[in-house]
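The block underneath contains the structure these notes are about, expressed in structure tokens.
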Amino acid sequence: MTPLTALTYVLPHRALSSLARRLAYSTNPSTKQWLIDTVVRKFGVDLSEAAEPDARAYPSFNAFFTRALKPGARVPDANPNALLMPADGHISQCGPIIDGRIFQAKGQGFTAAELLGSKADAAPFSDGSFATVYLSPRDYHRVHMPWTGTLRETVHVPGRLFSVGTAAVAGVPRLFARNERLVCHFDTDFGPMVQVMVGALLVSGVETVWSGVEIPAYADAITRKDWRGKGIVLERFAEMARFNYGSTVIVLLPKGAATLDPALQAETPVRLGQRLAMRG
């Protein structure tokens, strides 16, 4: 474990993330522009893909960070049987869920039940498959649908706010099952599908297209919202949610739903809309 990763065990996670959020929403011209220019320079953000390519046109850092892309900047895989990558970033890990366990990094893993906050919710995915996608600060930060689904339930699971960078993923046991997260359950034509929006240090804001800001406020206990009967249907490739800063989205699929693209391996760069898996 690196010294920085060890330090995150004692940092005041929520206080630091709340401070970062206040800065991100600041409309002070010098503050917001310094933040935007620093991230563009340090991480090589390609603003030519953005619907608004002028870095000075954004009223706040958060507006810049959750920026929309221009039409056609991302397109869905042309094969209608392809499940789609939900976000830009790179693959942290992907593969089978073996006896309910999800691989995190060498020597590290967690159960689907720990991630979802419920053994019953995890049961359909016991021998399914997963893909963990890390969004870096340079990436587009809206998360889209791999497949058409009807929203059934959301579950806000309380937790810590560890970094989700490579060193932390390798060194913090059960990291994704410990961080604050929003679990989104969908019903599809192949059965249940889950997308988990995982918060992180300085990256604790999650918004959904159906109800707006979900995190913060931070949770002290598992909180469920039942969306059955509300008719919230999101089409394949449609926007689902967004982060206020780089973080991680985890997709869970039940056994037999689809076959993950064999080209996807740990650290593979990925783009929204490319092939994640194939039906049939």
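Heavy-atom basis, side chains included; hydrogens, waters and symmetry copies ignored. This chain uses plain numbering: 1 for the first residue, then up along the sequence.
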- Query: Shared ILVMFWY cluster between F237 and L135, side chains joined below 4.5 angstrom?
  - Reply: no
- Note on the structure: Exactly one candidate in T188, N81, D189 meets side chain to side chain donor-acceptor pair (under 3.5 Å) with W147; the answer is D189
- Item | Under 3.5 Å: donor-acceptor pair, side chain of Q195, backbone of H144 | yes
- Task: Looking only at non-hydrogen atoms, find the nearest pair between P96 and F130 and report the distance.
- Result: O-CE2, 3.7 Å
- If you take all heavy atoms of E180 and Y218, which pair is closest and at what distance? OE2-CA, 3.4 Å
- Quick one: closest heavy-atom pair of M193 and P146, and the distance? CE-CD, 4.1 Å
- Query: What closest approach, in Å, do Q274 and V270 show between heavy atoms, and which atom pair accounts for it?
  - Reply: OE1-CA, 3.2 Å
- Task: Supply the atom-to-atom distance Y140 OH to E49 CD, rounded to the nearest 0.5 angstrom.
- Result: 11.0 Å
- Query: What is the distance from atom CZ of F176 to atom CZ of R178, rounded to the nearest 0.5 Å?
  - Reply: 12.5 Å
- Please tell me if the side chains of S126 and K255 come closer than 4.5 Å, counting only heavy atoms from C-beta onward. no
- Query: Hey, is the main chain of R56 close enough, under 3.5 Å, to the side chain of D54 for a donor-acceptor pair?
  - Reply: yes
- Taking R74 for the side chain and G273 for the main chain, is one N or O donor matched with an acceptor at less than 3.5 Å? no
- Side chains of L253 and L83: closer than 4.5 Å at any heavy-atom pair? yes
- Task: State, with a plain yes or no, whether a side-chain heavy atom of V172 is found less than 4.5 Å away from one of R160.
- Result: no
- Query: Between OG1 of T248 and CE of M197, what distance do you get to the nearest 0.5 Å?
  - Reply: 10.0 Å
- Item | Nearest heavy atoms of E114 and R181, plus distance in Å | O-NH2, 2.8 Å
- Run the side-chain contact (heavy atoms from CB on, under 4.5 Å) check on V206 and F243 step by step: do they pass? CA-CA 5 Å; V206 174; F243 288 112; 4.0 Å; yes
- Without swapping roles, check the side chain of T268 against the backbone of L264 for a donor-acceptor pair under 3.5 Å. no
- Measure the shortest side-chain to side-chain distance between L116 and L252 over non-hydrogen atoms and say whether it is less than 4.5 angstrom. yes
- Please lay out, stage by stage, how L276 and L260 fare under the test side-chain contact (heavy atoms from CB on, under 4.5 Å). CA-CA 6 Å; L276 169 67; L260 292 175; 4.1 Å; yes
- Message: Please tell me whether L272 and I250 are part of a single hydrophobic cluster in this structure, the criterion being side-chain heavy atoms less than 4.5 Å apart.
- Response: no
- Are K225 and E214 close enough that some pair of their side-chain heavy atoms sits under 4.5 Å apart? yes
- Tell me whether I222 is reachable from F125 by hopping between hydrophobic residues (I, L, V, M, F, W, Y) whose side-chain heavy atoms are closer than 4.5 Å. yes
- Message: Which residues pass the salt bridge (charged side-chain N to carboxylate O under 4.0 Å, His left out) test with D220, not counting sequence neighbours?
- Response: R14
- Residue pair F61 / L23, side-chain heavy-atom distance below 4.5 Å: no
- Message: Between the side chains of E153 and R224, is the shortest nitrogen-to-carboxylate-oxygen separation below 4.0 Å, so that they form an ion pair?
- Response: yes
- Task: Identify the heavy atoms of G199 and N179 that sit nearest to each other, and give their distance.
- Result: O-ND2, 2.8 Å
- Message: Quick check against the 3.5 Å criterion: does R142 have a side-chain atom that pairs as donor or acceptor with the backbone of M240?
- Response: no
- Query: Between the main-chain N or O of Y58 and the side-chain N or O of E52, is there a donor-acceptor pair closer than 3.5 Å?
  - Reply: no
- Tell me whether L84 is reachable from V143 by hopping between hydrophobic residues (I, L, V, M, F, W, Y) whose side-chain heavy atoms are closer than 4.5 Å. no
- Decide whether L69 and V75 are clustered together by the hydrophobic rule: side chain heavy atoms of Ile, Leu, Val, Met, Phe, Trp, Tyr closer than 4.5 Å, transitively. no
- Sidechain N-carboxylate O distance under 4.0 Å for D99, R101: no
- Checking side-chain contact (heavy atoms from CB on, under 4.5 Å) for the pair T154/C184: CA distance, chi angles, key distance, verdict? CA-CA 5 Å; T154 58; C184 303; 4.3 Å; yes
- Query: Any side-chain heavy atom of F64 sitting closer than 4.5 Å to one from V45?
  - Reply: yes
- Between CZ of R152 and CD1 of I232, what distance do you get to the nearest 0.5 Å? 13.5 Å
- Query: Donor-acceptor pair, R138 side chain versus G44 backbone, under 3.5 Å?
  - Reply: yes
- Query: Any sub-3.5 Å donor-acceptor pair from H185's side-chain atoms to V183's backbone N or O?
  - Reply: no
- Roughly how far, to the nearest 0.5 Å, is NE2 of H156 from CD1 of I215? 3.5 Å
- Task: Look up atom CD1 in I102 and atom SG in C94, then write down how far apart they are to the nearest 0.5 Å.
- Result: 12.0 Å
- S136 backbone acceptor or donor facing D139 side chain under 3.5 Å: yes
- How far apart are the C-alpha atoms of W210 and K230, what are their side-chain angles, what is the distance that settles it, and do they pass the side-chain contact (heavy atoms from CB on, under 4.5 Å) test? CA-CA 10 Å; W210 55 84; K230 302 296 175 55; over 6 Å; no
- Task: Flag the pair E207 / V213 as yes when at least one side-chain heavy-atom distance between them is below 4.5 Å, and no otherwise.
- Result: yes
- Item | Side-chain donor/acceptor of T223 to backbone N/O of A221, under 3.5 Å | yes
